[in-house]
Structure formats: C-alpha cells, structure tokens
Amino acid sequence: MPLATYQAKRDFKITPEPRGSARKSAHPELSFVIQKHQASHLHYDFRLEWDGVLVSWAVPKGPSLDPSVKRLAMAVEDHPLEYGGFEGVIPEGEYGGGTVMVWDRGTWEPEPETPDVAAALRKGELKFRLKGAKLKGSWVLVRTKVGSDGKASWLLIKHRDRYASDTDIASAKPRSVLSRRLMAGIASAAGGNVEKAMKADPPKEK
Ligand code: MN
C-alpha cells in the first residue's frame with residue numbers, strides 16, 4: 001500500500017485533503033509541486049511525481065536559487081498525485097493543520113547523470129531539472145543522514161546554470177501559482193486562521 005502512511009495520518013471525514021490512490025498519471029511528463037504550508041511551523045513541501053505518487057520532502061526555509069545555499073529537506077510520507085492540486089485549509093488539530101498554497105508547479109525530469117530515478121532515490125542523490133512557473137533549471141537532492149527514528153535528512157541545492165540567482169525567490173514571488181492569492185487570502189476564503197496565515201506572507205504585501 002504505497003499511500004498507507006499518508007492515509008493513516010489523516011481523518012478524511014475532517015480534512016479537505018484528498019484521500020487519493022497511487023496511480024499512473026494521465027500525462028507523459030512527470031509533475032512536481034511545491035506547497036507553502038503554514039502548519040505549526042512554516043515550510044515548503046517539495047513533491048516530485050514518481051511511480052504513481054508524489055515523493056515528498058518538507059523544506060523549512062524553502063528552495064534557494066543560490067547554488068552556495070543548501071536547504072534542509074526532511075523526507076516525509078509519499079502523497080497522492082491529486083495532492084498537487086490541493087490549496088486550502090487543513091483544520092486546526094488535524095495533522096498538518098494550517099493553510100496550504102500551491103506555490104509552484106510544473107514538470108520535472110532526471111538529469112542524464114542520474115537517469116534511474118528509483119536507484120537515485122535509494123542511493124540518496126538525485127539530479128533533476130525543473131520546469132515550473134518559479135523554479136527552473138538544474139537541481140540536486142542529496143541525502144545526508146537517516147536519524148534513529150528512520151527519518152531521512154536531505155539537502156536541496158540549485159546547480160549553477162542560467163537560472164541560478166541571489167534573488168530570494170520565496171519573498172520575491174509569494175503568491176499562489178493556482179489562484180494568485182497570498183496565504184491570508186487562502187485562509188480567509190476557507191474559514192482558516194487569517195492572522196496565523198498572514199505571518200507567512202511578506203510584510204510589504206500585507
Ligand atoms: Mn507540510
């Protein structure tokens with residue numbers, strides 16, 4: 001059961017998140033999505049479609065376009081493909097309670113150096129290209145350690161290419177690629193905690 005962990009953590013009678021099932025995408029290209037998630041702590045969920053699910057990492061500081069910056073990415077449970085379209089509010093008290101924004105999405109492909117994705121994920125080094133609205137070009141995910149609790153730490157790093165930059169992309173492009181809303185707007189529309197969500201929006205946009 002590929003999504004057993006995902007489903008066990010959630011009560012689908014309460015949360016609006018999709019239950020989902022592992023399945024092949026209708027599209028020939030592999031999708032990716034990055035969801036800005038103001039739960040107990042703000043983080044960015046980085047998800048790559050692979051083998052019928054979204055393989056997922058939580059990136060506390062979000063991605064950086066600066067190749068000298070390595071961003072911690074904690075491996076989390078696989079999510080269903082449908083999750084890539086989820087934007088809204090997970091009720092407080094539920095797993096991951098808080099506001100979720102589709103911050104970026106698009107397609108991805110492995111780089112020729114790591115063409116066997118399953119092997120690369122097992123080995124802990126996946127080089128890949130993103131074609132998103134905000135993130136583009138070449139990136140790498142490298143596993144650095146597996147804790148005693150079985151949770152793996154990875155680093156998300158931009159490769160040097162023409163898309164590398166010292167722009168703080170999370171601050172420069174804070175809006176949803178689905179709805180153009182800020183976190184506060186998403187929370188407000190879904191009856192969530194607007195004041196909490198607002199803390200995740202840039203001060204100048206408030
Ligand atoms: Mn999350």
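For ligands, and for the atoms within them, numbers begin at 1 and follow the listed sequence. Predicted model, so just to flag it, every value in this text is computed and none were measured. In this chain, residues are counted from 1 in sequence order.
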Scanning both residues in full, the closest heavy-atom pair of P63 with I34 reads CG-CD1, 4.4 Å
Looking only at heavy atoms, the pair that brings A22 and V53 closest together is CB-CG1, 3.8 Å
So salt bridge (charged side-chain N to carboxylate O under 4.0 Å, His left out) across residues 42-67, not counting sequence neighbours, yields K24-D51, D45-R47
Consider only side-chain N and O atoms of E87 and S179, and report whether a donor and an acceptor are under 3.5 Å apart. yes
Sequence neighbours excluded, the answer for side-chain hydrogen bond (donor to acceptor under 3.5 Å, both in side chains) partners of D11 is none
Given a cut-off of 2.8 Å, the protein N, O or S atoms lying below it from the Mn ion (ligand 1) are H37 ND1, H43 NE2, D45 OD2
Excluding L72, membership of its hydrophobic cluster (Ile, Leu, Val, Met, Phe, Trp, Tyr; side-chain heavy atoms within less than 4.5 Å) reads M74
